[in-house]
Amino acid sequence: MSEVIKISLPDGSVREMPQGSTPGDVAAAIGPGLAKAALAAKVNGELRDINRPLEGDTELALVTSRDEAEALELARHDFAHVLAEAVQALWPGTQITFGPATDDGFYYDVKAPTTRDPFSMDDLPAIEEKMREIIKADKPLRREIWSRQQLIDKWSAEGETFKAEWAAELPENEELTVYWSGDDWLDMCRGPHLPSTGKLDPQAFKLMRVAGAYWRGDQNNAQLTRIYGTGWLNKKQLNAHLTRLEEAAKRDHRKLGQEMNLFHLQSEAHGSVFWHPHGYQIWRELEAYMRRAIDGAGYNEVKTPQVMDARQWEQSGHWGKYRENMFVIPDEVPNTEDEGPIVSDAAEWMALKPMNCPAHVLIFRQGIKSYRDLPLRIYENGCCHRNEPHGALHGLMRVRQFTQDDAHIFCTEDQIVEEVQAFCRLADRIYKDFGFTYAIKLALRPEQRFGSDADWDKAENELRDAVVRAGLATEEFGWEELPGEGAFYAPKLEWHLTDAIGRTWQVGTIQSDRVLPERLDASYIGEDGEKHRPVMLHRAIFGSYERFIGILIEHFAGRLPVWLAPVQAVVATIVSDADAYASESISKLQAAGIRVESDFRNEKINYKVREHSLAKVPYLLVMGMREAEEGTVAVRTLGEKEQRVMSIDDAITMLKEAATPPDLR
RNA sequence: GCUGCUGUAGCUCAGUGGUAGAGCGCACCCUUGGUAAGGGUGAGGCCGAGAGUUCAAUUCUCUCUAGCAGCACCA
């Protein structure tokens, strides 16, 4: 072996270093500034510790805080370890388990010693303080290789039963790594880590909350306490993140829905929405928009039964694979006597539909279909009920009754790619109309599924093909494949929207399904005069009206575009002598199709301006005696301080223009 | 469904082992005013449901229920 190793650096230069040098040594050789800034290294593309000796000739890139993604990942991982160390320092006997980095921080799952209650929010300040101490102590983080037995012995001796269990399941001969923090604390970890705790900014993290979590994510296992933190490279980033969270809280659709009087939820119908007039106006506008879209795209709208016999759900497969999410109903006249059960043991079952697909197949099956009928696109604003776990319910985003913009395209094998591409174009147009950008992802076969592997290969390939050929399977569109995330009957293409503050929401989907046509015996007569099985494409763009409206409220922070705003204008009078003129103006506005309300109350104009601004009404039309005499109106646009005085006719023209839906412009 | 926290007026929230309070909203009165809160008076509560402890429970304990945050699951 030679005495020197050759290090290729990103700028193309090659540096010779003595055998056994570390990336840190290389940094030092390049310059003291870099030596100080270097946090870790990419060795042949793999992220590694700065002090881990290089093995032979390598390509090396030093990672500094400028490499934000890597630096954040390292910092968050280190914060997690410091968190665990702090908790054990404060409460000896605490068991530690796992602590990874997350999208905006880190967490660590711990189990409090039996001598105290599980950790709570009240403990967080003390833990934060201890973490700062550990960071300020600038403890070196040192990698060591241990054998499996060493690990098992150590964890067993210290009563770390979870760690011991985990270690015992690791491969026997693999080199396992531990990291020391100083000389007094260690955790087993694959690494890599920063060279010392002092590289962390003690002002760049905050512990956020505690929550229950299970050992290995299985609810049959021990309950642990998960301590969540958010972690960044510096205080400025942390503050920006905290501001973002505040912004998200302000946009919370549950809060805005209450304030704007759009809808409410109550325990007697938990998980189902009571739409108020203003909220339902948004719905109606979306429904009208979607009807224009599907009418123009060759769909046929239908309406299908809410309740079907259990035998039908058995045949479709839902009874077997989906029953725990279904509401079942006895098909029997209930007993009205005071005595005895309401329903007998002999009752047959029916169920509320959790999906629209079987009913659409039943429509397809009516009459004999020819290949000339295909593709046949059946659309429904389908109201579905799903018996969701109570803990999953969340405002409009996760409910038990929801209406999908659901359609099923029955087509031949040859038509699949074209139909998927047409759908991609339709979805693209619609999401852009609402101002969303999106990413497309392919959810591949789940463990629990119907159908042969060959069918799944085919289905996955054709979805992938369609997107690739449409040029959408690129980084720019966030293309990604998600193993195991498909539906039980088909793989899914998923559209993930990005909203105004950068959060993503899965809404649209298209799935190619060969299972359901088979199970429900759908067929068409081909050119050859023989019976063939159609392929069924399940697809939705809004996903559900409930959820999509929730997303819109948060995306626009309640300030919906004029065409969607439940109240597009409020006419507010300054003095009651202007009421007659205002009433007349309102009639004209209404005749022009503007959704306008009046505010003739005995309040000052300041008060009215404030109230309607907070209610996020796009236009406030102010009328006093001056306007009444001149036939004008003072228009105040939401978010602007200036007012514009114009004639009523001009105001109507302007409002009509502003209120035109994007697809009709 | 699991764990933790919470449930007091329409809304947001104080508070107490001796059956309750604020602000906003609402009603009425005065005020008719020019672009983000004019003044006064008043009405509103089985203190989430059930059980237990107690002379006495909205307050303490338990069970249930709903909400919230996570987990698990999903449009």
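Within every chain, numbering begins at 1; the chains are lettered A, B, ... in the order of the sequence lines, protein sequences first and strands thereafter. The shown structure was predicted, so the numbers you read here are calculated from the model rather than taken from an experiment.
- The side chain of A/His390 places an N or O atom within less than 4.0 Å of a non-bridging phosphate oxygen (OP1 or OP2) of B/A66.
- The CG-P distance, from A/Leu393 to B/C74, rounds to 15 Å in whole Å.
- When distances run from any side-chain atom of A/Val622 to the nucleotides B/G38, B/G34, B/A75, the shortest one goes to B/G34.
- Side-chain contact check for A/Phe436 versus A/Trp495: every heavy-atom pair is 4.5 Å or farther apart.
- Under 3.5 Å, the side chain of A/Glu388 and the base of B/A75 form at least one donor-acceptor pair of N or O atoms.
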Pair A/Arg503-A/Glu554, salt bridge (charged side-chain N to carboxylate O under 4.0 Å, His left out): steps then yes or no: CA-CA 10 Å; A/Arg503 295 170 303 178; A/Glu554 304 213 351; 2.9 Å; yes
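- Protein atom NE2 of A/His538 is 16 Å distant from nucleotide atom C1' of B/C74, rounded to whole Å.
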Could you check A/Glu247 against A/Lys250 for side-chain contact (heavy atoms from CB on, under 4.5 Å), going step by step and ending with a plain yes or no? CA-CA 5 Å; A/Glu247 181 58 25; A/Lys250 275 189 228 158; 3.7 Å; yes
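- You'll find that the side chain of A/Arg610 is closest to B/A37, out of B/C73, B/G38, B/A37.
- Rounded to whole Å, the separation between the P atoms of B/G15 and B/C60 comes to 12 Å.
- When Watson-Crick and G-U wobble pairs are counted only if both distances are under 3.5 Å, B/G42 pairs with B/C26.
- For B/G34, the OP1/OP2 oxygens have no side-chain nitrogen or oxygen of A/Lys608 closer than 4.0 Å.
- When each of A/Gly486 and A/Arg626 is assigned the nucleotide of RNA chain B with its nearest heavy atom, A/Arg626 is the one assigned upstream, toward the 5' end.
- With hydrogens and angles ignored, a donor-acceptor pair under 3.5 angstrom links the side chain of A/Ser576 to the base of B/U32.
- Applying the Watson-Crick and G-U wobble criteria (two distances, each under 3.5 Å), B/G70 pairs with B/C2.
- Taking atom P on both nucleotides, B/A57 is separated from B/G52 by 11 Å, rounded to a whole Å.
- Taking atom C1' on both B/U16 and B/A75, the two are 46 Å apart, rounded to the nearest angstrom.
- Pair check for B/G18 finds B/C55; Watson-Crick or G-U wobble, both atom distances under 3.5 Å.
- Of the candidates B/A69, B/A37, B/A75, the closest approach to any side-chain atom of A/Lys492 belongs to B/A75.
- Atom OH of A/Tyr489 is separated from atom C1' of B/A75 by 10 Å (rounded to the nearest Å).
- Both distances falling under 3.5 Å, in either a Watson-Crick or a G-U wobble arrangement, occur for no nucleotide opposite B/A75.
- Taking atom P in both B/U35 and B/C13, the straight-line distance is 34 Å, to the nearest Å.
- Between A/His394 atom NE2 and B/A72 atom P there is a gap of 16 Å when expressed in whole angstrom units.
- Under the 3.5 Å distance criterion, with hydrogens and angles disregarded, no donor-acceptor pair is assigned to the side chains of A/Thr161 and A/Lys111.
- Not one side-chain nitrogen or oxygen of A/Arg400 sits closer than 4.0 Å to the OP1 or OP2 atom of B/A75.
- For B/G25, one of the phosphate oxygens OP1 or OP2 lies less than 4.0 angstrom from a side-chain nitrogen or oxygen of A/Tyr607.
- Checked against B/A75, B/G38, B/A36, the side chain of A/Ser613 finds its nearest nucleotide in B/A36.
- B/U59 and B/U54 have their P atoms separated by 16 Å, given to the nearest Å.
- When distances are taken from the side chain of A/Leu614 to each of B/A72, B/A36, B/A66, the shortest belongs to B/A36.
- Side chains of A/Gln506 and A/Glu485: a donor-acceptor N/O pair is absent below 3.5 angstrom, by distance only.
- Of the listed nucleotides (B/C68, B/U35, B/A75), B/C68 has the atom at the smallest distance from the side chain of A/Arg254.
- The same atom, P, is picked in B/G4 and in B/G40; the two are 48 Å apart, to the nearest Å.
- Pair check for B/G7 finds B/U65; Watson-Crick or G-U wobble, both atom distances under 3.5 Å.
- Defined by atom type and a distance below 3.5 Å, a donor-acceptor pair is missing between the side-chain atoms of A/Gln404 and A/His538.
- Atom C1' of nucleotide B/C11 and atom NE2 of A/His264 are separated by 14 Å, given to the nearest angstrom.
- Nucleotide B/G44 is shown with a syn base, its glycosidic torsion being within 90° of 0.
- In the interface, the side chain of A/Glu627 is paired with the base of B/G34 through a donor and an acceptor atom under 3.5 Å apart.
- Nearest to the side chain of A/Gln404, among B/G34, B/U32, B/A75, sits B/A75.
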A/Arg626 and A/Glu630: salt bridge (charged side-chain N to carboxylate O under 4.0 Å, His left out), yes or no, with the steps? CA-CA 6 Å; A/Arg626 216 148 65 205; A/Glu630 292 167 4; 5.8 Å; no
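- Spacing between B/A27 and B/G1 at atom C1', rounded to whole Å, works out to 47 Å.
- An OP1 or OP2 oxygen of B/C71 is reached within less than 4.0 angstrom by a side-chain nitrogen or oxygen of A/Tyr228.
- Mapping A/Asp252 and A/Phe542 onto RNA chain B via the closest heavy atom, the residue that lands nearer the 5' end is A/Asp252.
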Could you please spell out the steps behind the side-chain contact (heavy atoms from CB on, under 4.5 Å) verdict for A/Leu537 and A/Phe423? CA-CA 10 Å; A/Leu537 304 177; A/Phe423 178 75; over 6 Å; no
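- Relative ring orientation between A/Phe542 and A/Phe434 is described as perpendicular, the plane-to-plane angle rising above 60° on a 0-90° scale split at 30° and 60°.
- Between A/Gln258 atom CD and B/C24 atom C1' the separation is 13 Å, expressed in whole Å.
- When heavy atoms are screened at a 4.0 angstrom cut-off, A/Ser544 is found touching base atoms of the nucleic acid.
- No hydrogens or angles were tested; on distance alone, nothing pairs the side chain of A/Arg226 with the base of B/C71 as donor and acceptor under 3.5 Å.
- Nucleic acid contact for A/Ala634: base, since at least one base atom lies under 4.0 Å from a heavy atom of the residue.
- For the pair A/His276 NE2 and B/G10 P, the computed distance is 14 Å after rounding to whole Å.
- For A/Arg209 against B/A69, no side-chain N or O and base N or O form a donor-acceptor pair under 3.5 Å.
- Atom CD of A/Gln266 is separated from atom P of B/C11 by 11 Å (rounded to the nearest Å).
- Minimum atom distance to the side chain of A/Ile605 is reached by B/U35, of the listed B/G38, B/A37, B/U35.
- B/U58 and B/C28 have their P atoms separated by 35 Å, with the value rounded to a whole Å.
- When the side-chain nitrogen and oxygen atoms of A/Arg601 are compared with OP1 and OP2 of B/G38, none of them lie within a distance under 4.0 Å.
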